[in-house]
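Residue numbers start from 1 in every chain, and the chains themselves are labelled A, B, ... in the order their sequence lines are given, proteins ahead of strands.
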Amino acid sequence: MSGEIILETTGLTKEFKGFVAVNNVNLQVRRGDIHALIGPNGAGKTTYFNLLTKFLPPTRGTITYRGVDITHEKPAQTARRGIVRSFQISAVFPHMTVLENVRAALQRNLGTSFHFWKPERSLYHLHERALELLAAVDLQDFADEMTVNLPYGRKRALELATTMALEPELMLLDEPTQGMGHEDVSRVTQLIKKVSQGRTILMVEHNMNVVSSIADRITVLQRGAVIADGPYDEVSKNPQVIEAYMGSAENELQGAH
Amino acid sequence: MAAELLKIDNLHAWYGESHVLHGVSMTVAEGEVVSILGRNGAGRTTTLRAIVGLTGSRKGSIRIGGHEAVKLPPHRIARLGVGYCPEERGIFASLSAEENLLLPPPVGAGGMSLAEIYDMFPNLKERATSPGTRLSGGEQQMLAVARILRTGARLLLLDEISEGLAPVIVQKLAETIRTLKAKGYTIVLVEQNFRFAAPLADRFYVMEHGKMVREFARHELSANTGMLQEYLGV
Amino acid sequence: MSRATRFTYLALLALAIVAPMIGLYPVFVMKLLCFALFACAFNLLLGFTGLLSFGHAAFFGFAAYVAGWVIKALGWTPELGLLAGAATGALLGSVFGLVAIRRQGIYFAMVTLALSQMIFFVCLQAPFTGGEDGLQGVPRGNLFGLLSLQSDTTMYYVVLAIFVACFLAILRIVTSPFGQVLKMIRENEPRATSLGYQVDRYKLLAFILSATLSGLAGSLKTVVMGFASLTDVHWAMSGEVILMSLLGGVGTFFGPVLGAGIVIALQDNLADKVGAWVNVIIGVIFVVCVLAFRKGIVGEVQAFLERRRKSGRAA
Amino acid sequence: QISGDVIRIGFITDMSSVYADIDGQGGVEAIKMAIADMGGAINGKKIEILTADHQNKPDVAATKAREWFDTQGMDVLIGGTNSGTSLAMAKVAAEKKKPFIAVGAASSALTNEQCTPYTMHWAYDTTALAKGTGNAVVKQGGKTWYFLTADYAFGHQLQTDTAKVVQASGGQIVGSVRHPLNASDFSSFLLQAQSSKAQILGMANAGGDTINTIKAANEFGITKTMKLAGLLVFINDIHSLGLKTTQGMYMTDSWYWNQNQETRAWARKFFDKMKRMPSSLQAGDYSAATQYLAAVKAVASDDAEKVLGHMKKAKFNDVFMKGGWVRGDGRVIHDMYLMQVKSPDKSTEPWDYYNVAQVFKGEEAWTTKADSKCALWK
Amino acid sequence: MTEIFGIPIQAFLGQLMLGLVNGAFYAMLSLGLAVIFGLLDIVNFAHGALYMVGAFAAWIMLEKWGVNYWWALLLAPLIVGALGVVIERAFLKRLYGLDPLYGLLLTFGIALILEGIFRDQYGVSGQSYPVPDALAGATNLGFMVLPNYRAWVVLASIAVCLGTWFLIERTRLGAYLRAGTENAKLVQAFGVNVPMMVMLTYGAGAALAALAGVLAAPVIQVTPLMGSNLIIVVFAVVVIGGMGSILGSIVTGLALGIIEGFTRVFYPEASNVVVFVIMAIVLMIRPAGLFGKEA
Ligand SMILES: Nc1ncnc2c1ncn2[C@@H]1O[C@H](COP(=O)(O)OP(=O)(O)OP(=O)(O)O)[C@@H](O)[C@H]1O
Ligand SMILES: Nc1ncnc2c1ncn2[C@@H]1O[C@H](COP(=O)(O)OP(=O)(O)OP(=O)(O)O)[C@@H](O)[C@H]1O
Ligand SMILES: [Mg+2]
Ligand SMILES: [Mg+2]
């Protein structure tokens, strides 16, 4: 049912000691979209994500998710509603195996996480699904590897698999391709495209190749405020955006990448 | 060819027990911009860290301006005129942005002034009194680069400096590097972003599994695209 | 659990069962088991949740007093006394937990230290604890009102049974679904939060479980030895239990048991022979441990076996 | 018949903590002197000593005592300082039905509520300290008292006992303040004491607390307006404070090395080994061991009941006491002394610190049958 | 007579003054702890022992060589500072980059060792150190008789505290130190001799503890246990002030001295706990301590 608004913020504002990092942002994300959030450094993208996931309390404004006001909920509550984020800096459980990392996410829906008297065996039936998810990101061969030992790109892929395990309705990705080689970038881009089936994705990304190839809609932030919002073609021609973000015309489509 | 400012010979380096560099050799002439390419985990970061002495243990030879540096502690290496911008940025949370900027002691003459730096990165001026790590990801990246431009180091080791920056800023950074080159700085550029590095570097090294496997000059670039495709997937 | 580990445990259990017959002094082994249980309970928190509490003496010691008091003053049977002690640990653990759990790292350690200092002063002042003199002369009584514990041998097997049960319980807790969440929290707390786990609740439950078992250990000690004293609630006891875990191996199952054994045996044997030097020796152990065997004895042995296995595989 | 063919004396005391100086190794040495004086053996059976440090922790003391009774064949236990540890050891000894001699403990509970047929309280107790110092000071004109009390069982008891004595002999208590154990700074408490305008500051504390109180009292000039009365002060405390700060102070003790020829001779022997003069407790340890061994010799057995039976009938004469005896409550009755600290110019040699101001003879110093709560002595 | 909270104003002022004296010790000790924690990320359990060694050093120098108080004030911190340098070189150096827990445990061990040695050598009941002649006597302030020596303690320690604060928060050296705490390797790669700096910092922290020890020697009995009696309270001070915050530990030290002093008047039984009660309350409201930066 595309077109329905899944997430909406109205007048969302965050101030740090007088410095306005996010300024009166009104944003609507449609169900099923891959929605990119771009903007120059320090525009407030990460802060905006932090507000959505409750890692920071907003100074003003409201966040509505599927018609429910979730402005004052706790991070974990929000996560259980189906809003899940990945971090700008890689976030895995380093001394657990790759499989256990994914299982950690699958386990949550089991409802036995407080059961300290159950054996570990009660989790084994999750392995099948975990391997499926790993296969989706090409990590099936690493299932029993300690996660610390994975190269950076693979960790990012793992993080994606873990996030998917939660069956999120809305995924928030903060620079998912940062720090990846070209090969990985295109793989992860395709991966995002793939997992976007049946869910909504809101992502921050500086790599214009990625944005242009998969984003349905783009919002541009500058100094905490929205300066443009719309499909890629439209936004990328917006002179204000070019001036503030993309830079001179020769790089227009490619970005710097 | 101008004098060699940096000459690495058969360099091995370890993190704890894991052997990461397996005999790296490379040279960088004074005033040159050299870029090291390679996949994730090839050992590029480790090469830079080994030069400044931040890996576990090292073996082989690193000559900087004629001085053997492989046995020196990091602070002595820096004093040879080396400026290092780490991949993880290394911004200090307990120092304000400006204090971060002023932190590295001068190691040579002719560093940029604070005004020049603020001119180049106006964001930093605006956030000067914020604690360093409260800056946005990109602002921190700028800070990390700006920080070593002040010290007067003549040999700059830059690790993934275009990472996470908006395209406009990346362009600005490219200009900065050109300016620095014009001023005679010597630069080693580790970049994932080939399009950023390509127009800037005089020479390229390609790294794989802790070794330099290819070396070519800019004018050989087009001849090497096939090879790069193979090594990097560009 | 690997076969070798299982075999080691069984061998140790067999040894423990015959201990009184081969001339080991049962009261000493019982004391050791009580402290080993305490160290295991502590390690549940430090080793498997990543929380360093500097206030565990409060659970151990206060429960020891409560158990002693209900047995001596109210005439409860020993098993009820132990239950009362464990309940005291749980209750105190919930209170400490609610206050401290929101803080992290060194602050967590310091808050627990502060709270336990308060408990210490309560024990010093409250009339039922006997102040400086401690709560003396607690009778062992009859288990379930039937089985007299007066004989050291009977008492010993009861203590051993309780210890083994608790040890298995800890094994289970650590590998349970709940234990998995604890592991996540230790590894990367923000990530666990973002996966939707309310980490504070898990930490709180871990803290309460650890406090409960510590309380049980404390009350068991009272029943065995017949007294509870300020030593049990003093912050030095919190330091001691850290030493035990560290020496044996934080985050290993058997480490705290071994650590407790060594520390108790040292204190027991050295005190007579070297006087003031006992502190120096314990200090030296601390230093050596931290510098050379950071993983603790069991941890180092495991790491060694691991390395050998790896190089064996490589060869 | 001697069990295990050896006579084993156990001695558990503070060897490393705050009371190590007044008992500790010195106590061990004193007991060894007693054994040596006995010839090292009785009827050819060797005498051995086991020693342990309880660090002032009742649990350590009790554990050790139990272990030695169970595994070492210990025949008698001598307990050093402090009260908590001695009460704990008394419990164990009673359970094991073996003699226990408390030397260093102050608590009169050992021969009162908690008396047992196996406990003998040797050197002194809080009642005696209170009676001695309290009485004497009031008699010297110190009518109004203010107590500075260590806030634990022993301190409270000392204060209560002394207050009773002071009031009985016509004095008046104008106030008191409790300080935590091991407080490092007493100035605040002293200021409160001073504003009470009492004549006497009764220090119901011990060891380091007393020492720090005295130091601070001098510093703040409290000693100009009030007189200090130490309720539990040992010669080692005086030694470490020096005469300049302590001169004129009164206190009660059970023994002083510089009393007569005999005490001096014994003390010098002790000094040769320990490089310090013996405290009353160390002399008490010597005496306890000597009398126990004498009893073993007399009954030619180390059987607890026989030995105790003999000791409870005997008269004790040694360097520590003359004509001492064990009362029904386990209290060993002997003379006590009120000491006054000399001024520095009166002291002729190191450790020459006291003038004996008064001697309390026989039962005068101790609790009375009327006041006793010991069920055995009724 | 005017009264405040039911006690005469004179007594009130007297207690205030005494609280300040104790607070000055807390401040100096917690300052050294804060410096070491802030810069080395080590919870220095040995701090109390170093304080004790400082006091003993002064006493030994006086007894054995007749070195007077003023020289001791200079020499004892130097000696103990050197001891600190040795400890850092020999032990702590090996722990950098590890969990701070290890530093705490190591210094705990060192504290036990130092204490044990002095216990064995000098017993526990302690030694007296005389008040230096120049500071003997007392001044009548009207509301109380204040020993001159205590007045000197307050002045000296406040001066030392402010000096240290200035050095760390307001100078370049301080910036190196603060940055070094976070990422010593990187600071070193910028050309700062970090190992030397860290070593001297620990030495300076130890010297500060020793200085407090010398200042305290004439006031209390010099005993091997004087440090461990104090250290837990000083920890609490540092935590309340905000770990690593220099200013925090100074202000909190003084304030807690005063609060503790008044507790001794109003509810003496609680005077040992009051610090911990305050600590628990403060941390509930401000997790990072009064002056600590939120993580
Ligand atoms: N906790 C904070 N305190 C003060 N200022 C902050 C804080 N967090 C962020 N800021 C400021 O808010 C602004 C927005 O930061 P944010 O991290 O959201 O940027 P961003 O859009 O994600 O940039 P980038 O692309 O560089 O990561 C920045 O100028 C940053 O310095
Ligand atoms: N601290 C460390 N300890 C152990 N191994 C490490 C450490 N840092 C890096 N490595 C390993 O060394 C190898 C080379 O890493 P390096 O960071 O130099 O690669 P890179 O070429 O810079 O790649 P990237 O694009 O990820 O930065 C990798 O296999 C990595 O896993
Ligand atoms: Mg960002
Ligand atoms: Mg790299």
Are D59(D) and D232(C) packed together at the side-chain level, in the sense that at least one heavy-atom pair is separated by less than 4.5 angstrom?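 Contact flag for D59(D)/D232(C) side chains = yes.
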Smallest heavy-atom separation, G84(D) atom then Q136(C) atom, equals O-NE2, 3.7 Å
Checking an interface table here. Which of residues 56-87 of chain C come within a heavy-atom distance under 4.5 Å of chain D?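 From residues 56-87 of chain C, none sit under 4.5 Å of chain D.
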So which residues of residues 25-35 of chain C are in contact with chain D at a heavy-atom cut-off of under 4.5 Å?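 Residues Y25(C), V27(C), K31(C) are the ones that qualify, each having a heavy atom under 4.5 Å from chain D.
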Donor-acceptor list for residues 90-98 of chain D side chains, cut-off 3.5 Å, not counting sequence neighbours:
| residue | atom | partner | partner atom | Å |
| --- | --- | --- | --- | --- |
| K91(D) | NZ | Q114(D) | OE1 | 2.7 |
| E95(D) | OE2 | R66(D) | NH1 | 3.2 |
| K96(D) | NZ | D70(D) | OD1 | 2.9 |

Mind checking disulfide bond (SG atoms under 2.5 Å apart) for C123(C) and listing every partner two or more places apart, or none if nothing turns up? none
